[in-house]
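Accompanying notes for the structure given below.
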Amino acid sequence: MIQFFIGILLGALIGYGAYRAGALTRSGAWAAALTGGLIFGLGGLPWAVLLLTFFISSSVLSRTFVKRKEALSEKFSKGSRRDYGQVLANGGLGSLLAISLALQSDQGWQWVAFAGAMAAVNADTWATELGLLSPTRPRLITSGKVVERGTSGGVTLVGYLAALGGAGLIGAAAAFFTPVIAWLGFVGIVVLAGLAGSTFDSLLGATVQAIYYCPQCQKETERYPVHGCGTETTQMRGWRWLNNDLVNLLCSLMGAMVAVGLGYFI
Ligand SMILES: [Zn+2]
């Protein structure tokens, strides 16, 4: 019970801090307080460490190389405060797993699923942030066609190495709470889950994710209804309801499922 209250308090503190630091909108801060509180409060220290590893490493990355990234892509052109949709996309599944942990009493699978989900969203965030710095232009994951930087579904070697790093960091953090004898298998599962999740994200981005077009900037974008420049965007391809937040949520779900699936095999 004490852990639960400390968790809620910590989640609220982080949500408020991130709001003050300009990383979250007001709605994003509330969502972060809720998801953070549930994950810290119900999952305890191991879950808190994974969530913080994701939160801190992705915040640091989104604030590095800003100048270069601004020049390269519209995605980073404005002070990108995250709103509640983006927070829930990355932390929503983790909160549900934490609740299931509290209801079901620990059966181990929730921890593996949570590590896989966090590895997937971290891998995806790292790939998005660092992939832009690639010296070569991205290729569409489906056809291999060379596309413009920042195109949804475009992948680069740098992006893949970044995804590997992002998933690896979560795996390393999770290993602290895993018996030494199981390290290799566990970290391997988490890394594969992370790569699978971010690959799935790229696949959806190249195929069925709703993608829009800004007539002003003459660029493809994930933003709707208004582009960063203030112009209304029109739909170009994909399923209208499958927005970027949903794609990220599915990325974390894929990470969790792959981790649990591999966990059964090994
Ligand atoms: Zn525009």
Side-chain angles (χ1 to χ4, degrees), residues 18-19 21-29 31-32 58-90 121 123-156 158-160 162-163 198-251:
Y19 171 69
L24 296 173
T25 64
R26 190 176 289 263
S27 77
S58 59
S59 300
V60 168
L61 280 189
S62 73
R63 277 166 171 60
T64 46
F65 311 114
V66 171
K67 281 267 149 31
R68 269 188 78 186
K69 288 189 282 196
E70 269 177 1
L72 290 170
S73 168
E74 58 91 19
K75 266 190 196 173
F76 300 90
S77 58
K78 68 172 197 172
S80 61
R81 280 181 174 245
R82 285 164 203 265
D83 63 11
Y84 74 97
Q86 288 165 294
V87 171
L88 292 180
N90 290 319
V121 295
D124 187 49
T125 306
W126 281 41
T128 305
E129 296 286 349
L130 293 176
L132 265 188
L133 303 174
S134 167
T136 57
R137 285 170 69 196
R139 284 173 180 277
L140 211 57
I141 191 171
T142 42
S143 63
K145 201 180 113 211
V146 175
V147 288
E148 227 187 301
R149 287 172 207 278
T151 301
S152 301
V155 294
T156 60
V158 172
Y160 253 96
S198 65
T199 302
F200 187 53
D201 190 288
S202 299
L203 266 177
L204 292 175
T207 55
V208 288
Q209 180 180 350
I211 304 293
Y212 300 88
Y213 183 76
C214 172
Q216 174 75 28
C217 309
Q218 303 194 331
K219 260 186 185 168
E220 131 171 14
T221 173
E222 291 167 347
R223 286 179 192 254
Y224 177 81
V226 179
H227 193 214
C229 67
T231 309
E232 278 186 34
T233 56
T234 50
Q235 190 176 359
M236 211 169 87
R237 56 186 170 89
W239 297 334
R240 181 168 280 276
W241 54 271
L242 191 62
N243 63 22
N244 195 43
D245 292 342
L246 264 178
V247 166
N248 281 339
L249 185 67
L250 291 173
C251 160

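Every number for a ligand or one of its atoms is a count from 1 in the order of the listing. Heavy atoms only: backbone and side chains are in, while hydrogens, waters and symmetry mates are out.
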Shortest non-hydrogen contact from [X] to [Y]?
X	Y	value
Thr142	Ala206	OG1-CB, 3.8 Å
Ser58	Thr125	CB-CG2, 3.4 Å
Gly28	Val87	O-CG2, 3.7 Å

>> I'd like to know whether Val147 forms a side-chain contact (heavy atoms from CB on, under 4.5 Å) with Glu220, so could you lay out the CA-CA distance, the side-chain angles of the two residues, the decisive distance to 0.1 Å, and finally the verdict.
In response: CA-CA 11 Å; Val147 288; Glu220 131 171 14; over 6 Å; no
> Residues in ring-ring contact (aromatic ring centres under 6.0 Å, His included) with Tyr224, at least two apart?
Replying inline: Tyr212
> Excluding waters, which protein N, O or S atoms are within less than 2.8 Å of the Zn ion (ligand 1)?
Replying inline: Cys214 SG, Cys217 SG, His227 ND1, Cys229 SG
>> Within the 3.5 Å criterion, strictly below it, is a donor on Tyr160 or Ser198 matched to an acceptor on the partner's side chain?
In response: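 On atom types as modelled, these side chains do not qualify, holding no pair under 3.5 Å.
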